[in-house]
Amino acid sequence: MRKYLLAFLLMMMSLSVYAGEIYVSPTGDDTADGTAQAPLRSVQQALRTAREWRRLNDPRIEGGITIYLHGGEYCLNEPLFIRPEDSGTPTSPTIVKSVDGEQACISGGITSNLDIGDRFPDMALIQSPIPTRQLWVNGKKAHRASQFGEGKMERILEFDPIHHTITIPTPKDVEVLKGQPSLEMVVHQRWAIAILRVKEMKIEGNKTVVSFMEPESRLEFEHPWPQPIINGEKGSSSFTLVNSSSFVNTPGSWNQWIKTNNCDILYMLRPEELNRESSAVIPRLNRLLTIEGYSQNRVHDIRFENITFEYAAWERPLRMGHVTLQGGFPLIDAYKLQQEGLPWSSTLENQAWIERPETAVSVRWAHHVDFVGCTFQHLAATALDYVVGVSDITISGNHFEDIGGTAILLGSFAEGAMEVHRPYMVAPKSDEYCKRIIVSRNVIHDATNEDWGAVGIGAGFVRDVTIDSNEVSHVNYSGICVGWGWTPHDTGMANNRITRNHVTDFALQLYDAGGIYTLSNQPGSLIEGNTVEHIGAAPYATNDRGFNIYLDAETDGFTIRNNICPEGRYGDNHPGPNIKR
């Protein structure tokens, strides 16, 4: 027995001798050697060092490489990029983690002090080097100045798909608004929102007719699902105008106007900010980290532990508006068919093509690339996205807070050239198919706060995915969504498990929503042991379609049992014959 113990100790000593360690500090030096005594300054240089060790087969890689980040902020000028050459092995992984007891933050933001003027003591003027739709002050998200106040709307009067206009009650300061070059309208349309850049406002007494910029105008008025409702069960769909200096009238609100060479931000301070130093953070990067291989050479055996990812932007609506199909996926094209029916669906009456939402951390063509115990916060679009060709992934024990879009996104949603209703044609055994993913013990709170139509956890065409023991709360649409395609056909989705999750306070603004929401045929799948409660009020809904568990179009193949749903609201939209309850 003692002989075996000695052999084990010698083996462990051997591993510790050959384990490579690279240290990084915000006060380090990229010309240093990366030891604990002489740390590097940037994460980029640490990754390059590790890459060179692997290229040269340095003995230090034998027991794996650990990149230790000392606490503090690592501000990026460009996204981090991890490629196949950075891959580890099962016995020699690459781990990026905070030093024990410290917290490293990878940030895409730039910090600016608030310039509090004498003329308006409750206002601050912030110089911004870039146009932006996000601003954080003292770590709290400021809200873009809106016509009726944060999160509030009023009803639309008319929606005209022929002339591409929306008619609203004439605002009291409409003449001021007509001169605002960056004015936007946010439209509530059932399970999604549209963000439309205002082109022109025509006053007709107590009504004002609004037209919009392209391409969002064409998309908004041509796509049939979802469109605003006029005179629905609970009234018409709603709207608000945003980003006018005349709306900066409540603490925490702000407006930006663009000049020739720079931008200015007008911010109304909260009372506690008036008598002390305050700072503002403006995000300059949409992406913080890209992990990308390709079909013949995937990234693998890399793990991030106890790292904070924060301050990423969402700029798309500044350039082209934002009109979505569902789940935050922007439309490329969509229209109603003059004569319904396609080979895979005789009753289909529309077609649509979408693109992927922006994301702070993106993973493509990878396996065993994990995030464990990390924090994702102050991110304006999707936080963490596993896109295509990913398998054998663990996403566990992470915390997501203040996320503008979806917190965790998994798998293909037929974005790009493929029409969304066409049955997904990738073979389930293909390396392209996203599979064997574990999403467990994550806490998601306050997601979807910019794009209300995004979700807490969203999975598209996936198989063998386990979503277990997560906490999802305070989202404006659905909590956990699995499936895509609106089809009964075999698309490779199978054996997906949604178990022991707690979903609460969902459907806060939108409807046709579910705490747990599914689409299409997924044989061998399971919804079990979840607690789903506190369906939101959705105050601007035109009908009541919020459910604890919602089996949307052609859902099939699920066993549903032992779930706690206090409201007892279950939605079925033409589910298939193989649902077991």
Side-chain angles (χ1 to χ4, degrees), residues 19-56 58 60-61 64-88 92-111 281 283-293 299-313 359-364 366 368-379 383-386 395 398-400:
E21 296 181 346
I22 303 170
Y23 285 83
V24 189
S25 168
T27 59
D29 185 341
D30 276 348
T31 64
D33 57 15
T35 62
Q37 296 74 29
L40 300 171
R41 184 180 182 87
S42 69
V43 184
Q44 293 96 324
Q45 186 58 43
L47 290 169
R48 179 175 291 186
T49 299
R51 188 180 309 133
E52 287 301 290
W53 286 1
R54 293 200 182 276
R55 182 179 69 86
L56 299 172
D58 190 291
R60 284 171 288 192
I61 73 172
I65 300 173
T66 301
I67 298 174
Y68 288 102
L69 306 185
H70 281 285
E73 192 171 51
Y74 297 85
C75 296
L76 303 178
N77 296 314
E78 58 183 326
L80 298 171
F81 181 27
I82 291 178
R83 58 209 83 186
E85 290 75 15
D86 296 306
S87 295
S92 175
T94 293
I95 301 171
V96 183
K97 63 183 296 185
S98 295
V99 171
D100 289 347
E102 302 183 30
Q103 190 63 48
C105 301
I106 295 175
S107 171
I110 52 178
T111 301
V281 175
R284 59 180 167 186
L285 297 179
N286 293 294
R287 177 73 56 81
L288 303 180
L289 171 62
T290 298
I291 301 174
E292 186 167 351
V299 180
H300 55 88
D301 296 291
I302 295 176
R303 186 166 72 250
F304 286 83
E305 296 181 6
N306 191 29
I307 301 292
T308 294
F309 298 89
E310 61 182 6
Y311 297 121
T359 182
V361 177
S362 174
V363 185
R364 295 172 178 261
H368 294 104
V369 172
D370 306 329
F371 288 81
V372 178
C374 292
T375 297
F376 297 80
Q377 63 182 16
H378 310 323
L379 306 173
L384 176 60
D385 188 3
Y386 285 81
I395 307 165
N398 304 289
H399 187 90
F400 297 80

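Because the structure is a prediction, the values reported are computed rather than measured.
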Minimum-distance pair of heavy atoms, taken over all atoms of C75 and G109: SG-O, 4.1 Å
Among all residues two or more places apart in sequence or in another chain, which pass the ring pair (Phe, Tyr, Trp, His ring centres under 6.0 Å) test with H300? H367
For A360 versus A312, what's the shortest heavy-atom pair and its separation? CB-CB, 3.9 Å
Heavy-atom pair of closest approach, residues W53 and E21: CH2-O, 3.8 Å
If every non-hydrogen atom of E102 is compared with every non-hydrogen atom of S98, which pair is closest and at what distance? O-CB, 3.4 Å
Would you say that L384 contacts F309 through its side chain, given a criterion of any heavy-atom pair below 4.5 Å between the two side chains? no
What is the minimum heavy-atom distance between G293 and P84, and which atoms define it? CA-CG, 3.7 Å
Residue list, side chain to side chain donor-acceptor pair (under 3.5 Å) with T359, at least two apart or on another chain: none
CG-CD1 distance between N306 and I95, expressed to the nearest 0.5 angstrom: 12.5 Å
With rounding to the nearest 0.5 Å, note down the distance linking CD1 in I110 to CG in L76. 12.5 Å
Applying side chain to side chain contact (heavy atoms under 4.5 Å, CB included), run through V24 and S42 and close with a yes or a no. CA-CA 7 Å; V24 189; S42 69; 5.7 Å; no
Begin with the C-alpha distance, continue with both residues' side-chain angles, and end with the deciding distance and a verdict on side chain to side chain contact (heavy atoms under 4.5 Å, CB included) for E310 and V281. CA-CA 11 Å; E310 61 182 6; V281 175; over 6 Å; no
If the condition is ring pair (Phe, Tyr, Trp, His ring centres under 6.0 Å), which residues does Y311 pass it with, not counting sequence neighbours? W136, H378
I would like to know whether V299 and S87 meet side chain to side chain contact (heavy atoms under 4.5 Å, CB included); could you show each step before the answer? CA-CA 5 Å; V299 180; S87 295; 3.9 Å; yes
Keeping to residues at least two apart or across chains, list the ring pair (Phe, Tyr, Trp, His ring centres under 6.0 Å) pairs with something in residues 23-47. Y23-Y68
Of all residues at least two apart in sequence or in a different chain, which pass the side chain to side chain donor-acceptor pair (under 3.5 Å) check with Q44? none
Determine whether I302 and I82 satisfy the following criterion, side chain to side chain contact (heavy atoms under 4.5 Å, CB included), listing intermediate values before the conclusion. CA-CA 10 Å; I302 295 176; I82 291 178; 3.6 Å; yes
For Y74, all residues meeting ring pair (Phe, Tyr, Trp, His ring centres under 6.0 Å), sequence neighbours excluded: none
Sorted by chain and number, sequence neighbours left out, side chain to side chain donor-acceptor pair (under 3.5 Å) with T49 holds for none
N398 side-chain N/O to F376 backbone N/O, donor-acceptor pair under 3.5 Å: no
Set of residues satisfying side chain to side chain contact (heavy atoms under 4.5 Å, CB included) with respect to T375, sequence neighbours excluded: T308, Q377, H399
Residue list, side chain to side chain contact (heavy atoms under 4.5 Å, CB included) with S25, at least two apart or on another chain: T27, P39, H70
So, for A32 and A38, which heavy atoms are closest and what is the spacing to 0.1 Å? CB-O, 3.4 Å
Parallel, tilted or perpendicular, as decided by the 30° and 60° cut-offs, for the rings of F304 and F371: parallel
How far does CG of L80 sit from CG of L289, to the nearest 0.5 angstrom? 5.5 Å
S107 side chain to E73 main-chain N or O, any donor-acceptor pair under 3.5 Å? no
Taking only residues two or more places apart in sequence, or in another chain, which ones meet E305 in a salt bridge (Lys or Arg N to Asp or Glu O under 4.0 Å)? K97, R303
Between OG of S362 and CG of N286, what distance do you get to the nearest 0.5 Å? 12.5 Å
Pairwise distance CZ(R364) to CG(D385) - rounded to 0.5 angstrom: 7.5 Å
With salt bridge (charged side-chain N to carboxylate O under 4.0 Å, His left out) as the rule and sequence neighbours excluded, what pairs involving residues 33-53 come up? R51-D86, E52-R55
Taking side chain to side chain donor-acceptor pair (under 3.5 Å) as the definition, give me every residue that meets it alongside N77, ordered by chain and number, with sequence neighbours left out. R284
Is the side chain of T94 donor-acceptor paired with the backbone N or O of G88 at a distance under 3.5 Å, no angle test? no
How long is the span from the CD atom in Q45 to the OG1 atom in T31, to the nearest 0.5 Å? 9.0 Å
